[in-house]
S.K.: 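Here it is, the structure in full.
No experiment lies behind these values; they were computed from the predicted model shown. Hydrogens, waters and symmetry mates are skipped; everything else that's a heavy atom, side chains included, is used.
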Amino acid sequence: MDIEVLRRAPLFSTLDDDAFRLLTDELSEVDLSRGASVFREGDQGDQLYFIVSGKVKLGRTSADGRESLLAILGPGELFGEMALFDPAPRNATATAVSETRLAGLKNESLVGLLRSRPEASAQLLQALARRLRRTNDSLSDLVFSDVPGRVAKALLDLADRFGRPATDGVLVAHELTQEELAQLVGASRETVNKALAEFVQRGWLRLEARAVVILDMQRLRQRSR
Ligand code: CMP
């Protein structure tokens with residue numbers, strides 16, 4: 001397992017080398033291919049997961065079967081902690097959107113760690129606060145921004161976290177289909193397609209399979225406001 005990625009994860013970054021090694025001995029590796037679920041909304045949970053490589057989408061399904069995405073997470077990020085801290089069924093379904101490797105940590109190991117290393121709790125709280133902030137931003141955007149604005153913002157956020165320099169811009173290999181991108185911004189696929197086509201026509205980005213290349217970051221940023 002590429003445990004160096006975990007060094008950056010909340011919970012691990014405050015640990016000294018000995019504590020880090022002890023904890024990594026307790027991790028179990030989970031390998032997933034695209035489309036495979038780690039767990040489903042409503043399941044019982046007894047462990048949380050760190051993403052070592054790949055990406056995971058967290059989604060919910062409405063009573064009439066429509067899907068909505070809460071977040072896309074990548075290497076170094078964690079999920080599945082809510083069922084541990086506030087015992088209740090899983091709040092969302094976690095599905096790999098690319099080849100993904102996870103490291104699972106059982107509830108008992110986490111509780112043991114937090115008892116012996118209280119400073120690790122602060123890291124965890126920070127990660128949870130950051131997530132709440134991000135969720136609040138998305139909620140406000142749903143109310144205050146139009147669909148093209150939300151698409152621009154989502155692409156900039158994905159670029160921030162997963163972007164890599166390309167010859168003519170920033171390559172964002174988000175791994176999402178247009179349907180999934182629509183689920184992430186809370187709009188129909190048709191409206192999101194239209195927004196993307198408009199951005200392409202203006203020369204702000206280029207579409208690739210499950211990726212975009214952002215050609216004009218500044219214009220996209222202006223459109224996201
Ligand atoms: P849990 O309820 O155990 O399983 C589903 C997980 O999805 C949950 O823990 C959180 O880790 C994660 N999750 C729930 N809501 C959000 C959100 N708004 N943003 C990011 N992750 C979330």
S.K.: Any carboxylate oxygen within less than 4.0 angstrom of a Lys/Arg side-chain nitrogen, looking at Asp168 and Arg206?
M.R.: yes

S.K.: Hey, are Glu198 and Lys194 close enough for a salt bridge, meaning a charged N less than 4.0 Å from a carboxylate O?
M.R.: no

S.K.: Closest approach of Pro75 and Ser53, non-hydrogen atoms and distance?
M.R.: CG-CA, 4.1 Å

S.K.: With side-chain contact (heavy atoms from CB on, under 4.5 Å) as the test, would you mind laying out the steps for Gln47 and Leu105 before giving the verdict?
M.R.: CA-CA 5 Å; Gln47 61 182 324; Leu105 184 68; 5.7 Å; no

S.K.: Val147: what forms a side-chain contact (heavy atoms from CB on, under 4.5 Å) with it, not counting sequence neighbours?
M.R.: Arg150, Val151, Ala187, Thr191, Val192

S.K.: The test is side-chain contact (heavy atoms from CB on, under 4.5 Å); show your working for Leu155 and Val172 and say whether it passes.
M.R.: CA-CA 8 Å; Leu155 292 176; Val172 188; 5.9 Å; no

S.K.: Does Arg40 have more than 12 heavy atoms from other residues, nucleotides or ligands lying within 6.0 Å of its CZ?
M.R.: no

S.K.: Looking only at atom types and distance, does a side-chain atom of Thr100 sit under 3.5 Å from a main-chain N or O of Lys55, one as donor and one as acceptor?
M.R.: yes

S.K.: Are any side-chain N or O atoms of Glu180 and backbone N or O atoms of Thr177, one a donor and one an acceptor, separated by less than 3.5 Å?
M.R.: yes

S.K.: With side chains defined as the heavy atoms from C-beta onward, is the minimum distance between Val97 and Arg34 less than 4.5 Å?
M.R.: yes

S.K.: I need the minimum non-hydrogen distance between Leu102 and Tyr49, along with the two atoms involved.
M.R.: CD1-CD2, 4.0 Å

S.K.: Mind listing the closest non-hydrogen atom pair of Ser224 and Leu156 along with its distance?
M.R.: OG-CD1, 3.7 Å

S.K.: Provide the closest heavy-atom pair for Phe39 versus Ala92 in the form atom of the first, atom of the second, distance.
M.R.: CE1-O, 3.2 Å

S.K.: Do Arg134 and Asp157 sit within salt-bridge range, that is, some charged N less than 4.0 Å from a carboxylate O?
M.R.: yes

S.K.: Quick check: closest heavy atoms across Ala154 and Val185, and the distance to 0.1 Å?
M.R.: CB-CG1, 3.7 Å

S.K.: Which residues, ordered by chain and number, are linked to Leu139 in its hydrophobic cluster, where ILVMFWY side chains connect at heavy-atom gaps below 4.5 Å, directly or through other members?
M.R.: none

S.K.: Classify the side-chain pair Glu175/Ser98 by whether it contains a donor and acceptor separated by less than 3.5 Å.
M.R.: no

S.K.: Identify every side-chain donor-acceptor pair in residues 77-89 under 3.5 Å, counting partners at least two apart or on other chains, and give the distances.
M.R.:
{"residue": "Glu77", "atom": "OE1", "partner": "Gly74", "partner atom": "N", "Å": "2.8"}
{"residue": "Glu77", "atom": "OE1", "partner": "Arg161", "partner atom": "NH1", "Å": "3.1"}
{"residue": "Glu81", "atom": "OE2", "partner": "Arg131", "partner atom": "NH1", "Å": "2.6"}

S.K.: What residue pairs, at least two apart or across chains, pass ring pair (Phe, Tyr, Trp, His ring centres under 6.0 Å) with a residue in residues 178-214?
M.R.: Phe199-Trp204

S.K.: Per the ring pair (Phe, Tyr, Trp, His ring centres under 6.0 Å) rule, what does the pair list look like for residues 109-161, sequence neighbours excluded?
M.R.: none

S.K.: Test question: given the 4.5 Å side-chain rule for I, L, V, M, F, W and Y, name all other residues clustered with Val213, or answer none.
M.R.: Leu171, Leu215

S.K.: Heavy-atom count around Gln218 CD within 6.0 Å, excluding the residue itself: above 12?
M.R.: no

S.K.: Short question: side chain of Glu67, backbone of Gly59 - any donor-acceptor pair under 3.5 Å?
M.R.: no

